[in-house]
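Below: the structure, in structure tokens.
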Amino acid sequence: MAKRKKKRLKIGRLITFLLVVFLVFYLIISFFKFVGGKLINGQALAYIASSSQKVQVYNSEFKKDIEIVRGTKVISYSADIKKEDSDDIYKKIKYNKKEYLIKEENLTSEYEQSVQEEEMFVRTHSTIYKNKKSSDILSVAKKGDTLKVVGFDKINEDGSVNMYKIKKEDIIGFIYGKYLVNNLEEAKKNYDEANTYQVHASRKNVLGGGAGNDLDYYPVAKPKFKNNEMPEETRTLYLNSGVLGNLDAYIKLAKNNNINAFVVDIKDNTAPGYASLIMKELSPTNYERAINSLDTYKKAIKKIKDEGFYVIGRITVFKDSYYVQDNPDCAITSKSTGKPYSHNGSYWPSAFSRDVWEFNVKLAIEAVKEMGFNEIQFDYTRFPDKTKTIEDQGLVDMKNTYNESKAQAIQAFLMYATDEIHKENAYVSVDVFGESANSYVTAYGQYWGAISNVVDVISAMPYPDHFDTYAYGSSVPVWTEPYKLMKAWGATVVTRQSEIPTPAKVRTWIQAYNAIRAPYITYDANKISEQIRGLYENGLTGGYITWNASSSITKYEEIASAFKKEY
């Protein structure tokens, strides 16, 4: 037995020795084979290079064959090949085990040289980033600007560039390639398929919020994320962050009454939902005044998700008194005092301020990563309303660094926000006033077409008791007949949605509180049903969200039978 063990041991050592010898031999051969990037048989590693997304290659008879995406790695043969009656020099390459001919200028030895554009032109008003990894903003690129290309981050599967590294005057930063084109004439054009642009260009700057012709209507792809499926119809309860201690009651009610989603506050004005680390860094007052600890809040959101609900995190963006307290330089400011301007008792960070954009988007990204929110909903994505007079009189400083219209700033913010939040595989929704469904640019910068075309979900707030008493020709106060009101209002939304190429899903806030104007009618289950029915009969079937500021469980229980119905 001992002799057999020794024999097996010797055989094992021999096999190990032979494996080591083979590995060393392979490494030596590989070294000599690739010395100086050259193969010993006259071949070299190379990359397809071009100023366009794909490059034409040819067969051995110089006839067009396939196209190869730039940045693709190939094997290149060193010999030059010339075609008769042509000054072009070709190289033979091997790609997918087949050989082709390619023009010499379309090969490079370095991946970083695969993109050959020297300059690009801005098609869409967009953000210039400080670097390719963070959401930090450096500057703005306006439609028609010329940008010098000095690099890129990566080439997409179709050969387009994800982000270009660019130089604009004295700044160097990064910008998404999807907002750029390679000639100035194309950059200056507006998207006008089916007269899209002409429809919006006719809407002038009447109220001070901007004009329709200053905005962008190019199609925006709406994503569908793996492991994060948005329900076709989200039947949604709103929870402010102060009621999470009674979460079981809301979950029970939702499960028994056809509810499949919750909106939960991440940050409301003077009511921060949890002690966020982003708040701690960029707005300590929000952090100190947080209603919940990070851990308590995180457990609550996890519980909602574990129960099978789709969860939306709500952030009020440009109404944030605590942020202004910490960052007064970003606020709309009174010129007479030099201090933040108080609007109905609250302070507003300017929607023109990129620092404010960064804070809210970083907060959103943190919430998605930490809590697992399926969607981020931005509220107060606008300028304060009813300020035109003081603006016209020059009484306030709006901090308009880049000389933008209000509507331009709102659209550009939402482009920036969706670009960043989509990278985290979460959706983006935005709340707008019911007035935004009209065919004009509102005074506070909300314009339906410019917003719906960009985000994933648009959630208007057409609360019946907020309308003019006899809106839409009603002979009675409109909030007494919410079905008729929502039917009439919803028809305007259908028209707005038809005016853009890639409209968002419509998910509407409904009034879930008793009327606050005379006649002070009770909004019972029937009144809730009337609102939903009026919306759905217009085809606005993306769902609804209950607005009750206190998130009253008693009120929700009173109207719960409305949620059980199929509309």
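Residue numbers count from 1 along this sequence.
In the model, Y310 has a side-chain atom that pairs as donor or acceptor with a side-chain atom of E375 under 3.5 Å. In the model, T469 has a side-chain atom that pairs as donor or acceptor with a side-chain atom of R517 under 3.5 Å. Side chains of N162 and K132: a donor-acceptor N/O pair is absent below 3.5 angstrom, by distance only. Under the 3.5 Å distance criterion, with hydrogens and angles disregarded, no donor-acceptor pair is assigned to the side chains of Y218 and T124. Residues N228 and Y427 have side chains that never bring a donor and an acceptor to within less than 3.5 angstrom of each other. Side chains of N286 and D320: a donor on one and an acceptor on the other come within 3.5 Å. Between the side chains of N548 and S550, at least one donor N or O sits under 3.5 Å from an acceptor N or O. Using a 3.5 Å distance cut-off with no hydrogens or angles, the side chains of Y238 and D265 do pair a donor with an acceptor. Looking only at atom types and distance, the side chain of T316 has no donor-acceptor partner in the side chain of D379 under 3.5 Å away. Using a 3.5 Å distance cut-off with no hydrogens or angles, the side chains of Y440 and E435 do pair a donor with an acceptor. A donor and an acceptor atom, one from each side chain of S405 and D214, are nowhere located under 3.5 Å apart.
Minimum interatomic distance between N205 and G208 (heavy atoms only, all atoms of both residues): OD1-N, 3.0 Å. Minimum heavy-atom separation, T270 to S321: CG2-CB, 4.0 Å. Heavy-atom minimum distance, P519 versus W479: O-NE1, 3.1 Å. A pairwise comparison of heavy atoms in A471 and V478 identifies O-CG1, 3.3 Å as the closest pair. Shortest non-hydrogen contact noted between A261 and F309 is N-CD2, 3.9 Å.
Cation-pi geometry between R203 and Y447 is not met: the NZ or CZ atom fails to fall both under 6.0 Å from the ring centre and inside 45° of the normal.
The one candidate from W357, F413, F383, F318 that meets the ring-ring contact (aromatic ring centres under 6.0 Å, His included) condition with F352 is F383. Checked options Y176, F174, Y179; the residue passing with Y129 is Y176 (criterion: ring-ring contact (aromatic ring centres under 6.0 Å, His included)). Put simply, the residue from Q408, E404, Q411 that forms a side-chain hydrogen bond (donor to acceptor under 3.5 Å, both in side chains) with H125 is E404.
The aromatic rings of Y323 and F359 lie parallel to each other, with less than 30° between the two planes, well short of the 60° mark. Using a 30° and 60° split on the angle between ring planes, W547 and W509 fall in the perpendicular class, above 60°. Note: H466 and Y463 have perpendicular aromatic rings, judged against thresholds of 30 and 60 degrees for the angle between ring planes.
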